[in-house]
Amino acid sequence: MANTTLRWGIISTGGIAEAFAKDLLVDPKTRDVHDITHKITAVGSRSVDSAQSFIHRIGLGPSDKEDVKAYGSYAEVYADHNVDVIYIGTPHTFHYENALDAIKAKKHVLCEKPVTTNAAELRALIAAAKENNVFFMEALWTRFHPLALEFKKISESGALGNPIVLHADLSGDFDIHNDAPRDIPTSHRILDPKLGGGAILDLGPYPLIWAIIALFEHPSNKLTKPTSITGSILKTPITGVDANTNFTLNFSEADLSAQAVLSCSINTNNTGNGVAIRYEKGSIRIAEPLYRPQSFTVTYLGKVNGKNAVVKEEKRFFEYIERGLYFQADEVARCIRDGKIESDVWTHQKSLLEMEIFDEVRRQGGYALPPGVEKVV
Ligand SMILES: NC(=O)C1=CN([C@@H]2O[C@H](COP(=O)(O)OP(=O)(O)OC[C@H]3O[C@@H](n4cnc5c(N)ncnc54)[C@H](OP(=O)(O)O)[C@@H]3O)[C@@H](O)[C@H]2O)C=CC1
Ligand SMILES: O=C1OC[C@@H](O)[C@H](O)[C@H]1O
């Protein structure tokens with residue numbers, strides 16, 4: 001098969017943009033991928049110095065054969081004819097306007113999670129992507145990991161029966177209470193409500209993605225939305241963002257009767273339990289961290305001497321070069337090559353479901369973002 005080269009323009013020069021750019025530069029052939037190549041042709045930042053320093057940090061410099069442009073604005077990247085697709089790594093509350101600007105410039109877009117601050121913004125972006133005939137996807141990288149693909153196969157094989165209950169938590173202690181000195185300032189995107197701070201928008205996508213794969217995507221569910229969403233939020237008095245959020249989803253519309261119990265926190269660490277899914281005939285436990293697990297254990301239940309017992313247990317391990325952010329980039333490249341405006345794996349519908357759930361959990365928990373932060377309501 002012919003090799004397709006996708007030319008990336010990177011918007012912003014923060015933590016995840018750097019990790020993503022470095023992963024893009026991992027030669028696909030070392031991962032046994034031969035149909036696509038990724039090339040970074042432009043980096044845009046609010047400061048040209050920052051763009052230049054970013055290019056240097058990711059290992060592409062003036063002496064490099066690659067011609068990478070450093071721009072002191074995002075708009076110049078959208079206008080660059082040597083860019084096919086824009087990667088957006090700005091804080092959540094800028095995703096809508098950055099993605100819209102890129103789409104209007106007829107660029108394809110891969111936008112960090114959470115794709116927007118609410119469902120209304122996302123609906124507007126999906127409409128804009130369709131109108132401009134460009135590819136648009138939320139960067140839910142975990143969905144593209146080989147572990148997730150293998151998990152899905154086993155989960156849907158029928159060997160375990162239908163799923164019944166899923167528990168998943170992703171937490172991180174960001175040291176929000178450490179006053180002397182506070183580890184993160186109140187202007188940090190995790191604490192600042194103007195940047196969509198708090199647990200639900202930042203960490204919530206990860207427990208949710210496992211519920212989406214195991215329950216929403218399960219053939220017995222027939223892609224029906226949760227029949228109920230129940231959310232509970234505990235806010236931090238420091239800035240009023242959600243520190244501890246729990247949400248429960250029931251899937252009982254089609255041929256499934258299953259519940260997801262999900263949670264995320266910014267002031268304590270993970271539980272140590274990862275994801276646990278109990279099925280009619282066994283269970284699957286996925287190791288932490290939920291955004292990049294590297295193993296899962298499948299336990300099969302059966303009858304031994306007439307009693308319920310574990311009849312088989314299998315542990316599967318997965319190794320990735322660097323962080324594994326390139327799997328989603330490969331999907332983007334193949335979709336664009338094939339003329340698609342949407343991934344079949346992480347669809348617009350799934351991102352929309354995610355944002356609708358977060359809207360409802362924030363509504364029930366009383367976490368409203370400051371006026372003007374949500375650009376479409
Ligand atoms: N997929 C994953 O594993 C991860 C995803 N994320 C997601 O990526 C996004 C960014 O997170 P992260 O990289 O940690 O954030 P950082 O704060 O490290 O970087 C954000 C970058 O956005 C740009 N920016 C534009 N406007 C602002 C503003 N007003 N305040 C701060 N930065 C601004 C800056 O780049 P510049 O100055 O160059 O314009 C900044 O460096 C979030 O939406 C988060 O959810 C985060 C971590 C991991
Ligand atoms: O996407 C993410 O994954 C890892 C977390 O630590 C981070 O806060 C989040 O943005």
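Note that ligands are numbered from 1 as they come in the structure, with each ligand's atoms numbered from 1 the same way.
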Is it the case that the ring center of F327 lies less than 6.0 angstrom away from the ring center of Y320?
yes

Should L25 and I40 count as side-chain neighbours, where that means a heavy-atom distance under 4.5 Å?
yes

With respect to [atom], which of [options] exhibits the smallest heavy-atom separation?
atom	options	answer
atom 27 (C) of ligand 1	R46, R189, E138, K194	R46
atom 42 (C) of ligand 1	R292, H92, H188	H92
atom 22 (O) of ligand 1	G72, A51, S73, P91	P91
atom 36 (P) of ligand 1	P205, S45, G14	S45
atom 45 (O) of ligand 1	E18, K113, R323, Q328	K113

Results of salt bridge (charged side-chain N to carboxylate O under 4.0 Å, His left out) for E342 - residues two or more places apart only:
none

Contact between ligand 1 and [X] is defined here as a heavy atom of the residue under 4.0 Å from a ligand atom; is it met?
X	result
H95	yes
W141	yes
F20	no
Y71	no

Around atom CD of E319, are there more than 12 heavy atoms from other residues, nucleotides or ligands closer than 6.0 Å?
no

Would one find more than 12 heavy atoms of other residues, nucleotides or ligands at under 6.0 Å from atom NE2 of H81?
no

Ignoring hydrogens and angles, state whether a donor on the side chain of [X] or [Y] is under 3.5 Å from an acceptor on the partner side chain.
X	Y	result
D27	T30	no
T117	E374	no
D35	N3	no

Considering only distance and modelled atom types, tabulate donor-acceptor pairs under 3.5 Å from the side chains of residues 301-313, sequence neighbours left out.
from : atom 1 : to   : atom 2 : distance (Å)
K303 : NZ     : N308 : OD1    : 2.8
E313 : OE2    : T299 : OG1    : 2.6

Nearest heavy-atom approach of S283 to L160 is N-CD2, 4.0 Å

Which of parallel (below 30°), tilted (30 to 60°) and perpendicular (above 60°) describes H188 and F174?
tilted

Show me, by chain and number, every protein residue that has a heavy-atom distance under 4.0 Å to ligand 2.
K113, F174, R189, D202, L203, Y206, Y291

Proximal atoms of ligand 1 relative to Y206 (non-hydrogen, under 4.0 Å)
1 (N), 2 (C), 3 (O)

Within ligand 1, which atoms have a heavy atom of D202 less than 4.0 Å away?
44 (C), 45 (O)

Under 3.5 Å between some N or O of ligand 1 and some N or O of G15?
yes

Check against side-chain hydrogen bond (donor to acceptor under 3.5 Å, both in side chains), S232 and N246:
CA-CA 5 Å; S232 171; N246 279 265; 5.6 Å; no

Going by the 4.0 angstrom heavy-atom rule, the piece of F94 near ligand 1 is side chain

Ligand 1 versus Y74, non-hydrogen atoms closer than 4.0 Å: side chain, backbone, both, neither?
side chain

Please output the side-chain donor-acceptor pairs of residues 41-54 that fall under 3.5 Å, not counting sequence neighbours, one pair per line with the distance.
from : atom 1 : to  : atom 2 : distance (Å)
T41  : OG1    : W8  : O      : 3.4
T41  : OG1    : N82 : O      : 2.8
S45  : OG     : S47 : N      : 3.1
S45  : OG     : S47 : O      : 3.2
S47  : OG     : D49 : N      : 3.4
S47  : OG     : S50 : N      : 3.0
S50  : OG     : T13 : OG1    : 2.7
S53  : OG     : R57 : NH1    : 2.7

